Amino acid sequence: MKKIRREFFQRDPLVCARELVGCELVWNDCGGIIVETEAYSVLNDEACHAFARPSSREFVAERPPGTAYVYLNYGVHWLLNFLVKGGAEDGFVLIRALEPTRGIETMKRRRATHLENLCSGPGKLTRALDLRGDAHGLDVFSTKSIALFAPVDPPSIQAGPRIGITKAADLPWRFIATGSRFLSKMGPVG
DNA sequence: TTCGTGATAGAG
DNA sequence: TCTATCACGAAG
């Protein structure tokens with residue numbers, strides 16, 4: 001496992017989203033292999049926060065690529081994204097599911113459920129990791145508590161439409177590790 | 001299928 | 001102030 005570099009996030013959101021699948025995400029003592037992501041672009045993507053939110057556009061302008069963008073959804077769930085900028089387009093990658101690898105017992109204590117269900121959703125994984133709003137704005141490349149590692153053997157990846165959104169729902173901007181048992185929705189591409 | 005929950009933005 | 005909206009999950 002090799003730590004990924006900042007240049008990783010200086011490409012198109014779609015490329016970043018695709019290549020983050022297979023990477024290991026570590027938050028303090030817990031973590032897992034990313035098996036599902038979604039790309040969001042600040043350009044012409046109505047589903048992206050930056051489309052309608054000035055504070056989000058400001059975040060994009062002021063922060064370096066690789067910054068964690070964490071927000072509360074539906075008043076209940078924290079969702080983890082990474083800022084992508086410096087390529088042809090700026091955007092975000094939403095982390096949607098993990099295959100748990102580290103701190104599994106700790107995560108199970110937080111989320112009393114079996115392994116396949118532990119991090120199989122964007123709100124579930126932040127809960128399992130105990131990652132909350134105070135992680136918002138942390139730079140992956142200068143913060144000890146958060147880290148990303150590149151895979152030794154990149155997995156086979158499939159693309160499909162994003163989940164749970166109403167705007168621009170037709171774009172195939174969701175990426176999954178083929179055949180993973182740890183996805184937010186089952187089936188090849190949801 | 002429903003419903004809770006809270007930050008945000010834009011209207012009044 | 002108030003209200004609509006939102007990339008979800010769990011119970012039932």
Side-chain angles (χ1 to χ4, degrees), chain A residues 9 12-18 20-21 23 25 27 30 32 34-63 66-85 89-100 107-138 157-177 180-187 189-190:
Chain A
F9 290 102
D12 278 9
L14 281 136
V15 177
C16 293
R18 172 178 282 271
L20 271 176
V21 176
C23 291
L25 169 70
W27 171 249
C30 297
I34 298 169
V35 293
E36 179 176 346
T37 64
E38 282 177 8
Y40 289 82
S41 170
V42 302
L43 296 178
N44 300 318
D45 181 5
E46 293 184 70
C48 184
H49 271 189
F51 188 86
R53 290 158 77 139
S55 63
S56 175
R57 287 196 291 275
E58 194 178 333
F59 186 96
V60 174
E62 292 180 349
R63 306 299 186 125
T67 304
Y69 182 89
V70 181
Y71 77 98
L72 190 61
N73 185 253
Y74 294 96
V76 187
H77 309 289
W78 293 103
L79 269 58
L80 171 65
N81 305 253
F82 290 107
L83 174 60
V84 176
K85 66 187 279 195
E89 296 181 16
D90 295 343
F92 296 96
V93 177
L94 170 66
I95 306 300
R96 286 194 56 91
L98 301 179
E99 174 180 345
M107 294 197 284
K108 277 189 174 168
R109 221 173 301 132
R110 295 183 184 130
R111 273 195 33 81
T113 184
H114 58 281
L115 196 62
E116 286 82 355
N117 196 35
L118 199 51
C119 298
S120 59
K124 294 180 187 178
L125 71 90
T126 55
R127 182 73 173 262
L129 294 173
D130 194 29
L131 193 153
R132 311 158 142 279
D134 52 10
H136 184 61
L138 293 184
I157 292 166
Q158 287 179 266
R162 294 181 291 188
I163 292 186
I165 57 174
T166 51
K167 298 285 187 185
D170 52 324
L171 299 169
W173 285 8
R174 174 184 180 228
F175 300 96
I176 63 167
S180 173
R181 300 148 46 221
F182 302 92
L183 304 174
S184 65
K185 297 237 162 93
M186 280 305 143
V189 199

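In what follows, chains carry the letters A, B, and so on, assigned in the order in which the sequence lines appear, proteins first and then strands, with residues in each chain numbered from 1. This structure is a prediction, so every number in the text was calculated from the model and none was measured.
Going from atom CZ of A/Arg127 over to atom P of C/dA10 covers 8 Å, rounded to whole Å. In this structure, the CG atom of A/Asn73 is 15 Å from the P atom of C/dT5, given to the nearest Å. When rounded to the nearest whole Å, the span between OH of A/Tyr74 and P of C/dT5 equals 12 Å. Between the CD atom of A/Glu38 and the P atom of C/dC8 there is a distance of 8 Å, rounded to whole Å. Regarding A/Leu72, its CG atom lies at a distance of 12 Å from the C1' atom of B/dG4, rounded to whole Å. Distance A/Leu125 CG to C/dG9 C1': 13 Å, rounded to the nearest Å. The distance between atom CG of A/Leu83 and atom P of C/dA7, rounded to the nearest whole Å, is 19 Å. Whole-Å rounding puts the A/Leu79 CG to C/dA7 P distance at 10 Å.
In this structure, the side chains of A/Leu138 and A/Thr67 stay at 4.5 Å or more apart for every pair of heavy atoms.
Note on A/Arg96: a side-chain N or O is less than 4.0 Å away from OP1 or OP2 of C/dC8. Contact annotation: A/Ser55 reaches the phosphate of B/dA9 (side-chain N/O to OP1 or OP2, under 4.0 Å). When the side-chain nitrogen and oxygen atoms of A/Arg132 are compared with OP1 and OP2 of B/dG6, none of them lie within a distance under 4.0 Å.
C/dC6: Watson-Crick or G-U partner is B/dG6, with both key distances under 3.5 Å.
Between the side chain of A/Arg162 and the main chain of A/Ala168, a donor-acceptor pair closer than 3.5 Å is present. Side-chain atoms of A/Thr126 come within 3.5 Å of backbone N or O of A/Gly123 as a donor-acceptor pair.
Along DNA chain C, the nucleotide closest to A/Pro122 and the one closest to A/Lys167 are compared, and the more 5′ of them pairs with A/Lys167.
If you check every strand for non-hydrogen atoms under 4.0 Å, A/Tyr40 touches a base.
Closest approach to the A/Lys124 side chain among C/dG9, C/dA7, B/dT8 is made by C/dG9 (side chain taken as heavy atoms from C-beta onward). The nucleotide whose nearest atom lies closest to any side-chain atom of A/His77 is, among B/dA9, B/dG4, C/dA7, B/dG4.
Scanning atom types as modelled, no donor and acceptor separated by under 3.5 angstrom connect the side chain of A/Tyr71 and the base of B/dA7.
The aromatic ring centroids of A/His136 and A/Tyr71 lie 6.0 Å or more from each other.
Under a 4.0 Å N-O distance rule, the pair A/Arg18/A/Asp12 does not qualify as a salt bridge.
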